[in-house]
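Remarks on the structure that follows.
Lettering follows sequence order; numbering is per chain, from 1.
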Number of protein chains: 2
Amino acid sequence: MSKIGALGYALLCVLHKGPLTGYEILQRMRKPVGYYWTAPQSQIYPALARLTEQGLIDHDEEPGPGPRPRKTHRLTPAGRDALSAWLTQPAEPPAPRDETILKTYAQLAADPGGMSTFYQGEIVRLRNQLADYQAQRDALIGTGAEEPDHPAFGAYATLTLGCRSLPVRIEWCEWLVAQMAHRRPRPD
Amino acid sequence: MSKIGALGYALLCVLHKGPLTGYEILQRMRKPVGYYWTAPQSQIYPALARLTEQGLIDHDEEPGPGPRPRKTHRLTPAGRDALSAWLTQPAEPPAPRDETILKTYAQLAADPGGMSTFYQGEIVRLRNQLADYQAQRDALIGTGAEEPDHPAFGAYATLTLGCRSLPVRIEWCEWLVAQMAHRRPRPD
DNA sequence: TTGCTCATGTAAGAAGTTACATGATTCA
DNA sequence: TGAATCATGTAACTTCTTACATGAGCAA
């Protein structure tokens, strides 16, 4: 059997709570799951076809709104087994690719005023993200999602990480704004 | 002129402090820069060739140890301009791909004991990473790198972020280990 | 003589991005 | 009438990963 790949497992994860259409998966890849895993539409449909071929998911078909049938995908027992086996295996540390930190490393090659504006923009973006995370987390509090056996506990836990790590990053940007004020304007 | 791409800018960043050979760049992509940007060897050499074609870097050649000449690359004025212009532009939020958080989302589909072991493994890995960051950051303290005009300030600032954000993540994993102890073992 | 470091490159394939394409229904 | 939502797919392209390939000098 051919191997699955991170995207395949991501789709199995999204399906772990129940059947969804490709379109619904796509939406989850924006809203709750998209905070830690994303994939564009063009990747999702071929990947679903591969997983179906591998017997890890299957689907019902109904006549859809467009020219093609609407498919509702669900995990097969084999898919559920593959998922649960993968979940407990150590995650390989991801290749980090963070443009903001990269820019910070080379920050001396740019004008301090420009960098300050850059970090201020980051702060705005991060604060908006934090507000979004907090709103969603607040909506879960009191629903039982804080209990680890609750179906929404996974979502609650991921939002908790976001709500704790974003402030650290915001403070770091604020510190850098302050530091930029102490830099001399470009000595060439 | 063709466009540059994130990898190209990453290479310009690595070269901002002075000339390096491809091999040296490769090492930076493991050690100081690799914490927030990585690229394998097979990507670096073609990318350097592209940047050279675009006139953003150039190089000296000396006879090398192997069959090919050893090249020492440096930023051209055009390269330095391209870099400094890019640095101050807002960074597009990166497509997040974090296996650990993804696993947490679907955590209910696995055995709590297995997940607990998983998070304990993460804790070990993160603690080692933190120790590494702290050692490198400590080595910079007292050298003047804390001043924003110092050539090592960029490295100092990136390490500072690592030293502040890793503990948050470690605590989160510890919290999850505790939560897993409260989960009922899988009803199959 | 086996393996490591220095030093550069290529090839094949997987994964990810951007854009195109269809077509019904609903809402302003 | 025009845009958004639902719903599925393909094509072309770029980027990233894994593996191969060469070869000198040095150390155990």
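Nearest-nucleotide positions on DNA chain C for B:Pro46 and A:Thr38 put B:Pro46 closer to the 5' end.
Checking D:dG9, C:dT8, C:dT10 against the side-chain heavy atoms of A:Lys71 singles out D:dG9 as nearest.
In this entry the distance linking CG of A:Leu26 with P of C:dG16 reads 15 Å, nearest Å. If you take CZ of B:Arg97 and P of C:dA15, they are 12 Å apart, rounded to a whole angstrom. The interatomic distance linking B:Arg50 (CZ) with C:dT10 (C1') rounds to 14 Å, in whole Å. Put simply, CD on B:Glu24 is 9 Å from P on C:dC6, counting in whole angstrom units. Computed from coordinates, the A:Ile44 CD1 to D:dC6 P distance equals 15 Å when rounded to whole Å. Summarising the geometry, the separation between CG on B:Asp60 and P on C:dA7 is reported as 14 Å, rounded to the nearest angstrom. For A:Leu48 and D:dT8, the CG to P distance is 9 Å, given to the nearest whole Å. Computed from coordinates, the A:Arg70 CZ to D:dG9 P distance equals 13 Å when rounded to whole Å.
Relative orientation of the B:His59 and B:His73 rings is perpendicular, given thresholds of 30° and 60° on the angle between their planes. Taking the six-membered ring for Trp and thresholds of 30 and 60 degrees, B:Tyr36 and A:Tyr105 have ring planes inclined between 30 and 60 degrees apart. Between B:Tyr133 and B:Tyr35, the angle of the ring planes lies from 30° to 60°, which puts this pair in the tilted group.
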Quiz item: Reading nucleotides 18-28 of chain D 5' to 3', which nucleotides get B (base under 4.0 Å from a protein heavy atom), which S (sugar-phosphate only), which -?
Solution: BB-BBBS----

Exercise. Walk me through it: do A:Trp86 and B:Leu102 pass the test side-chain contact (heavy atoms from CB on, under 4.5 Å)?
Key: CA-CA 11 Å; A:Trp86 176 76; B:Leu102 181 61; 3.9 Å; yes

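Pairs of residues two or more places apart, or lying in two chains, that qualify as salt bridge (charged side-chain N to carboxylate O under 4.0 Å, His left out) and include a residue from residues 125-138 of chain A are A:Glu122-A:Arg125, A:Arg127-A:Glu174.
Within 4.0 Å (heavy atoms only), A:Ala95 reaches sugar-phosphate atoms of the nucleic acid but no base atom.
In terms of modelled atom types and a separation under 3.5 Å, the side chain of B:Arg183 and the main chain of B:Gly113 share no donor-acceptor contact.
Judged by distance alone, the side chains of A:Thr143 and A:Tyr156 never bring a donor and an acceptor atom under 3.5 Å apart.
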